[in-house]
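Everything on this sheet refers to the single structure shown next.
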Amino acid sequence: MEQKAGYEKPDQEKEFVKEITPRSVDFSQWYIDVVLKAKMMDYAPIKGFMAIRPSGYALWEKIQEQMDRRFKETGHQNAYFPLFIPHELLEKEAEHVEGFSPEVAWVTKGGDEILSEPLVVRPTSEAIICDFYSRWVQSWRDLPVLINQWCNVVRWEKSTRPFLRTSEFLWQEGHTCHRTEEEAEEEALKMLEVYRECIETELAIPAVVGRKTEREKFAGALRTYTVEALMSDGRGLQAGTSHNLGQHFAKVFDITFLDKDDQLKHVWQTSWGVSTRLIGALIMVHGDDRGLIIPPRLATFQAVIVPILTKKDRKRVLESVQELADQLQGNIRVKLDDREEYSPGWKFNDWEMRGVPLRIEIGPKDLDRGQVVLVRRDSGEKFFVPREELPTLLPGLLDQIQDDMLKKALEFREANTRSGSDYAEFKQIMEEKRGFYMASWCGDAACEEKVKDDTKATIRCILFDQQPADENCLVCDKKAKEVVYFARAY
RNA sequence: CGGGGCGUAGCGCAGUUUGGCAGCGCACUUGGUUUGGGACCAAGGGGUCGCCGGUUCAAAUCCGGCCGCCCCGACCA
């Protein structure tokens, strides 16, 4: 039996929804159960594809809204580029095509006609966008180009998991052109920080930033930066990436401009993206054995009001909750669940499974006492509060929940981030406890490869501005150059 | 691509060994009673047993072929 990291003690109450496999039994099955039972997605009749259902898509819309706002604030504009890419364009950048060709989907026919020039469905849009940029950029006055697109991409994956790796997924890809290398580097790092901050603030996920190794970097990039998060089973997940593309694409796609000094130069480019994978991260960082826990800032409904209806008091309870719902609208995002065909207990379980941060219960007894029952989804805490205090109390409580969720995730990550210089100990930790392991590395791909063979762990990122604490490489014991995080990753 | 498992109602499964009326739980529909942690009673609806072929009086069940899905590995922004 494989041991897994970081499970909570089983809840004493044992009131869990039966359909969800406990995390301690089988984390993968737990994840699948949650995404299905919370109606986040459904499997498509094609392997590796899925429908994102309204409650999953609502999360994506919130993520988009928050990311998009930050992109605009940093000077970017949205645009849209074609779904199909002529194969010859994709082929131009050698490393790029080599990286993606195993997973591209092809279009070889249009109607009844066999296409003379086959098309590929975009696995990412560098090629087609660079083709446009070569015409749009002429002068230093055209720079910088700061464009983002929200779209779908297709990568023919061999093994897939809902939200984490599907053959089609939704994402955004920023594509920028700059006059100088410094400016491109600054952009790549700026957007990396936008990702980190947004993921931390909105998704309540603490993320580590760093640089990818040669082995892990984007096909065709000069350097790849990454935002890495730790899931509650101790595995790492790449939550976003930002690339300094250098002039690789500019040279093959001929994106040139006449600079102030009258010299014809190639632009320096970046690209950066986050995808619907973030939804998977959200589930795996915050979820528990009852299902999802959505941070208040991203929740479609921040609180759900469940009336307790009895035959005698039905009418006055219904009137009262309606009044409360009206009163709270505009203050917080609230949902009144006044369906009479479901029992309160059923609703409690259902809304918990779907992760609504707060539940407000109101029954006859509460009406008599002028109070409501509040239940926090994240902690399970239950309290009785005077009804008139709700409008002032709720926004603060939601902020508190958001903070507590981030704090809890951060504590988990810290407790599961270890460091050391003993390779045997490292192997044991990757096998038993997992989590992040910080260590010194010589920079040699062979050591990276050996770790993978021995432990299935990979270098998630090279930390910025860190001098190796240990002088020697964790693996080969030669002089170390970098400090890296190892983890088994999704 | 390699190893293992599975395919029967919307979902989860039994039935296959030993061929003989297509079953159970949940969900769904209608009516009634209920409602403070997945309520109860009654009456209903729902099937190309993955597909194609073979054996047989008779196939979910036996035989052959094919397809698909899941898990583990390999590969993988």
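Remember, predicted model here, so these are calculated numbers, not experimental data. Every chain is numbered from 1 and lettered A, B, ... according to where its sequence line falls, protein lines coming before strand lines.
Across all strands shown, G10(B) forms a Watson-Crick or G-U wobble pair, both distances under 3.5 Å, with C26(B). Of the nucleotides present, none pairs with U18(B) by Watson-Crick or G-U wobble criteria with both distances under 3.5 Å. In this structure G31(B) sits in a base pair with C41(B), meeting the Watson-Crick or G-U test at under 3.5 Å. Remark: G2(B) base-pairs with C72(B). Criterion, Watson-Crick or G-U wobble with two distances under 3.5 Å. Look at C51(B): its Watson-Crick or wobble partner, with both distances under 3.5 angstrom, is G65(B).
Across the protein-nucleic acid pair, Asp313(A) atom CG and U34(B) atom P stand 14 Å apart, rounded to whole Å. In this structure, CD of Gln29(A) is placed 10 Å from P of C72(B), rounded to the nearest angstrom. Taking atom CH2 of Trp156(A) as the reference point, atom C1' of C1(B) lies 17 Å away to the nearest angstrom. Computed from coordinates, the Tyr31(A) OH to C71(B) P distance equals 12 Å when rounded to whole Å. Computed from coordinates, the Tyr43(A) OH to C71(B) C1' distance equals 12 Å when rounded to whole Å. Nucleotide C11(B) holds its P atom 12 Å from the CZ atom of Arg53(A), rounded to whole Å. We find that OH of Tyr342(A) is positioned 19 Å from P of U35(B), with the value rounded to whole Å. Rounded to a whole Å, the CD atom of Glu95(A) is 11 Å from the P atom of A77(B).
Across U17(B) and C62(B), the matching P atoms stand 5 Å from one another, rounded to whole Å. Straight-line distance between the C1' atoms of A9(B) and G5(B): roughly 23 Å, to the nearest whole Å. As rounded to the nearest Å, G73(B) and U55(B) have C1' atoms that lie 39 Å from one another. For G19(B) and A59(B), the C1' atoms lie 6 Å apart once the distance is rounded to whole Å. One P atom belongs to U33(B), the other to C70(B), and the distance between them is 47 Å to the nearest Å. Taking atom C1' in both G50(B) and U8(B), the straight-line distance is 10 Å, to the nearest Å. Atom P of C72(B) sits at a distance of 26 Å from the matching atom of G15(B), rounded to the whole Å. Atom P of G47(B) sits at a distance of 37 Å from the matching atom of G4(B), rounded to the whole Å.
Nearest to the side-chain atoms of Met353(A) among the listed nucleotides G38(B), G37(B), A77(B) stands G38(B). Set against G36(B), G37(B), A77(B), the side chain of Pro364(A) has G36(B) as its closest nucleotide. Closest to the side chain of Ile308(A), from the set U35(B), G37(B), A77(B), is U35(B). The side chain of Glu157(A) approaches C76(B) more closely than any other nucleotide in the set G38(B), C75(B), C76(B). For Thr241(A), whose side chain is taken as the heavy atoms from C-beta onward, the closest listed nucleotide among G37(B), A77(B), G38(B) is A77(B). Of the candidates G38(B), C76(B), G36(B), the closest approach to any side-chain atom of Lys452(A) belongs to C76(B). When the nucleotides G37(B), A74(B), C76(B) are ranked by their closest atom to the side chain of Lys158(A), A74(B) comes out on top.
Sequence order on RNA chain B of the closest nucleotides to Ser159(A) and His243(A) puts Ser159(A) first from the 5' end. Checking Leu367(A) against Lys217(A), the closest nucleotide of RNA chain B that is more toward the 5' end is the one next to Leu367(A).
Between the side chain of Glu214(A) and the backbone N or O of Ala445(A), no donor-acceptor pair lies under 3.5 Å. The main-chain N or O of Asp350(A) is never found under 3.5 Å from a side-chain atom of Tyr342(A) such that the two would form a donor-acceptor pair.
Residue Lys311(A) places at least one side-chain N or O closer than 4.0 Å to OP1 or OP2 of U34(B). Close to U35(B), at under 4.0 Å from its OP1 or OP2, lies no side-chain N or O of Lys347(A). Here Ser343(A) does not reach the OP1 or OP2 of U35(B): none of its side-chain N or O atoms lies under 4.0 Å away.
Atom CZ in Arg235(A) sits 9.5 Å away from atom CG in Leu237(A) (nearest 0.5 Å).
Taking the six-membered ring wherever Trp is involved, the centroid distance between the rings of Phe486(A) and Phe436(A) does not fall below 6.0 Å. Here Trp60(A) and Trp171(A) keep their ring centres 6.0 angstrom or further from each other.
In this structure, Val373(A) reaches the bases: a heavy-atom distance under 4.0 Å links it to at least one base atom across the strands shown. Nucleic acid contact for Thr124(A): none, since no nucleic acid atom lies under 4.0 Å from a heavy atom of the residue. Residue Glu103(A) is classed as a sugar-phosphate contact, given heavy-atom separations below 4.0 Å to backbone atoms only. Heavy atoms of Phe348(A) sit under 4.0 angstrom from at least one base atom. Looking at heavy-atom distances under 4.0 Å, Arg314(A) makes no contact with the nucleic acid at all. Across all strands, Pro123(A) comes closer than 4.0 Å to no nucleic acid atom at all (heavy-atom distances). Across all strands, Arg359(A) comes closer than 4.0 Å to base atoms (heavy-atom distances).
At a cut-off of 3.5 Å, with distance as the only test, a side-chain donor of Ser28(A) or Arg161(A) sits close to an acceptor on the other residue.
A salt bridge between Lys427(A) and Glu431(A) is absent, with no side-chain N of the basic residue lying under 4.0 Å from a carboxylate O of the acidic one. Salt bridge annotation for Arg460(A)-Glu216(A): present, with a cationic side-chain nitrogen under 4.0 angstrom from a carboxylate oxygen.
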